[in-house]
2 protein chains.
Amino acid sequence: MVKIDEVARAAGVSISTVSYALSGKRPVSAETRRRIQAAVHELGYSPNAGARMLAGSQTNIFALSEPLRADSHAPSHMSFMHAMTVAARRKEYDMLLLTDEDASAGMKRVAQSGLVDAILVLDVAPDDARVEIARASATPTIFVGIPNDHEGLVCVDLDFEHATVEAVDRLADAGHRAVGLIGGSERAYEKSNFPSRVRAALSERATERGMSAVSVASGPVVTDRSQVRRSVRRFVENGVTGIVLHAPEEVLQVVLVELAALGKSVPGDVSIVSVGSSFDTDAQPTPIDSIPLVPQSSCELAVDLAIELIAGRPVASGLHLIAPTYLERGSVAPVPSA
Amino acid sequence: MVKIDEVARAAGVSISTVSYALSGKRPVSAETRRRIQAAVHELGYSPNAGARMLAGSQTNIFALSEPLRADSHAPSHMSFMHAMTVAARRKEYDMLLLTDEDASAGMKRVAQSGLVDAILVLDVAPDDARVEIARASATPTIFVGIPNDHEGLVCVDLDFEHATVEAVDRLADAGHRAVGLIGGSERAYEKSNFPSRVRAALSERATERGMSAVSVASGPVVTDRSQVRRSVRRFVENGVTGIVLHAPEEVLQVVLVELAALGKSVPGDVSIVSVGSSFDTDAQPTPIDSIPLVPQSSCELAVDLAIELIAGRPVASGLHLIAPTYLERGSVAPVPSA
DNA sequence: TTGAAAGCGATACCAC
DNA sequence: GTGGTATCGCTTTCAA
């Protein structure tokens, strides 16, 4: 394991110059820097992590607190974990995993031992125990998702309410008079407080636009396709021509199959918009308009905010909402003239 | 951030005694240890991670190399990552995440910087680039899964071959004369070399037991249920009464639905055994006999082996196969007397 | 623009 | 059974 003094010797400079050349915290002449970089490359030097932490009081490690509840949607979680880790690496940070059975204790431990510079919290529940720990800790903490009580916290999320409004508006603009919502399972409404915000925003906006709204929460995906199909049938019977979907990929597929079974085409007879999904609505048999929840966006923002906090720069505590982006895929069309 | 000397002062001992009391590497009188523990608790002390790494040359961190390929099965991956992280924590280790775009570079980096004590490799491909890196590195590395060329490596996995043999034997013992295999997607056969071992073991054992074997790889799960259904129909037409399933949960569900549609009952008409699945075959509408791939088992073994290597204790390089466990759930019954 | 040297906070050797 | 202290490899002040 090659050390900094070997690099210094090889480059014919002092240890401190090597350190500065690598960190860029002090100007180093072009020629000297070149020699140092050559030596670094030559010897395959990378600074000892422990020594760096100790001397620099920065670890370049984030903790990712990721409670894996039995009912969480694995593919979405993976996307977020992955996006977060990649975003961190782009900023030279590594990612340490904190599991659920360890969430509270783990957050304390990594903070107290100075193992990490900041904590990133995924899969935030409305009533999340980690909120209190974050408040009690001096370690910068960013929530991806929004707990009910987010006073003084830094939270990142998609702006679901505006996304929903946008979705309703698109349908209204296309002349649709009745809109239906296919939401997630009942459990989803306890796990996160956004499904209910979507539902509320939809009702409100539909009313404002003079539409009638029918909202339905779908049952647990795999075990209860029939409930989703029932909802779709009810929509059709009630003259709903616009559907807003806030649910996983599997549910969309059931919806599409059922519509086809009822002889309804998309967007010929029924228009669909997906809100806040993190799967690719473009890769569906029928591409679907979407206002996606893009893990990369949330995660990059979260990482940037963490870095600001670490640097001691001011960050507005409160909600950092990501503006929705509407992706047209041709699944919204004017309502058929009855 | 409270330091060791404050604890020492509070307990009225020297810092070395505190260190020894905490590490247990030197006997400390009961009374002294009690006072130290009290002080630790009182002050909320936890040792500085950087200092510890530097002085002790142990980091108590593992790296988890987890290439997230687009076609990987998210729920299984999550199970493994989670199980591995939990197993590590039980041994006082934290887990650092290495992503795919970083796999090779990341492994080198964390090894060279002394950030981790060992590397755990998940989702091993038959022809895995990480094999070479492991060979070139002095950092202990454990593979969960088996690359084709595993010379000199330490690999952990379920003993799929014996598991398959056991499954075939159960069916043979129950009098079944023809056995069918529902495997994963074609891609699965490239991603890991176990699906093909299962297939080979099945053919061989079936022959040994005087059975006829029909092997079928199912298509990509979601987009091609029809292929699975076709296979099931073919099985029934060909008089197959015993099915070995080596595929994800979704495939099992399709199989069960199709059998029902064909008027076949389980285990009345057809017997089924699942091999190497990591979902709960007991939670299915029809519970299924299973020789499960238990993430906990693999991960605990991997962690134990890593610790052995770190401690400098000898570990047999080569395959560490986990003995299969057969779980009876009533899905295997004597072949109906035609 | 560069160098010397004082820490950072533990661990573990050497004494007692 | 306990204490003093050199040491780990870097960062960063202070000097030049």
Side-chain angles (χ1 to χ4, degrees), chain A residues 1-37 39-40 43-61 92 109-115 117 310-312, chain B residues 1-37 39-40 43-61 92 109-115 117 310-312:
Chain A
M1 216 136 280
V2 34
K3 307 186 301 179
I4 198 173
D5 59 336
E6 309 181 37
V7 175
R9 208 169 314 126
V13 295
S14 73
I15 288 180
S16 51
T17 300
V18 174
S19 178
Y20 284 120
L22 263 38
S23 71
K25 292 187 180 171
R26 191 167 87 171
V28 168
S29 78
E31 165 58 9
T32 306
R33 186 172 37 249
R34 206 197 47 66
R35 288 216 315 282
I36 291 175
Q37 272 156 357
V40 165
L43 303 173
Y45 168 74
S46 46
N48 179 280
R52 210 171 187 181
M53 293 185 198
L54 184 55
S57 61
Q58 282 236 357
T59 68
N60 279 275
I61 302 176
E92 302 274 70
R109 185 172 50 80
V110 295
Q112 288 203 337
S113 64
L115 219 196
D117 294 335
I310 292 168
Chain B
M1 215 134 283
V2 34
K3 308 185 302 180
I4 197 171
D5 59 337
E6 309 181 38
V7 175
R9 208 170 313 123
V13 295
S14 72
I15 62 173
S16 52
T17 300
V18 173
S19 178
Y20 285 120
L22 264 39
S23 71
K25 292 187 181 174
R26 192 168 85 171
V28 169
S29 78
E31 165 59 11
T32 306
R33 185 172 40 248
R34 207 198 45 69
R35 288 215 316 281
I36 291 175
Q37 271 155 358
V40 165
L43 303 173
Y45 167 77
S46 46
N48 179 281
R52 211 170 188 184
M53 292 184 198
L54 185 54
S57 62
Q58 282 237 353
T59 69
N60 278 274
I61 302 176
E92 304 271 71
R109 185 173 48 80
V110 295
Q112 288 202 337
S113 64
L115 218 197
D117 294 334
I310 292 168

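Lettering follows sequence order; numbering is per chain, from 1. Being a predicted model, the structure only gives us computed values, none of them experimental.
Map A:R52 and B:G12 each onto its nearest nucleotide of DNA chain D; the residue landing nearer the 5' end is B:G12. Comparing B:V28 and A:I4 against DNA chain D, the residue whose closest nucleotide sits nearer the 5' end is B:V28. In terms of position along DNA chain C, the nucleotide closest to A:I15 lies nearer the 5' end than the nucleotide closest to the other residue of the pair B:G56 and A:I15.
Nearest heavy atoms, A:N60 versus A:D117: N-OD2, 2.8 Å. Scanning both residues, A:V18 and A:I4, for their nearest heavy atoms gives CG1-CG1, 3.6 Å. B:G44 and B:V2 get closest at one heavy-atom pair: O-CG1, 3.6 Å. Here the closest non-hydrogen pair linking A:L22 and A:Y45 is CD2-CE2, 3.7 Å.
Checked by atom type and distance alone, the side chain of A:R35 pairs as donor or acceptor with a backbone atom of A:A11 at under 3.5 Å. Between the B:S113 side chain and the A:S46 main chain, no donor and acceptor come within less than 3.5 Å of each other.
A sub-4.0 Å separation between OP1 or OP2 of D:dG1 and a side-chain N or O of B:R26 is absent. Under 4.0 angstrom from either OP1 or OP2 of D:dT11 there lies no side-chain N or O belonging to A:S23. Between D:dT11 and A:K25, no contact under 4.0 Å exists linking OP1 or OP2 to a side-chain N or O. An OP1 or OP2 oxygen of D:dG3 is reached within less than 4.0 angstrom by no side-chain nitrogen or oxygen of B:S16.
With D:dG3, D:dG9, D:dG1 as the candidates, the nucleotide lying closest to the side chain of A:K3 is D:dG9.
What separates CD of B:Q112 from C1' of D:dG9 is a distance of 15 Å, to the nearest Å. Summarising the geometry, the separation between CD on A:E6 and P on D:dC8 is reported as 12 Å, rounded to the nearest angstrom. Taking atom CG of A:L22 as the reference point, atom C1' of D:dG9 lies 13 Å away to the nearest angstrom. Spacing between atom CG of B:N48 and atom P of D:dT7 amounts to 21 Å, rounded to whole angstrom units. Atom CG in B:D5 sits about 14 Å away from atom C1' in D:dG4, given to the nearest Å.
Using a 4.0 Å heavy-atom criterion, one finds that A:S19 contacts the bases of the nucleic acid, with or without backbone contacts as well. At the heavy-atom level, B:T32 lies under 4.0 Å from the strands shown only through sugar-phosphate atoms.
The pair B:E31-B:R34 counts as a salt bridge, with a side-chain nitrogen and a carboxylate oxygen less than 4.0 angstrom apart.
Using a 4.0 Å cutoff to heavy atoms of chain A, the contacted part of DNA chain C runs 5' to 3' from C:dT1 to C:dG9.
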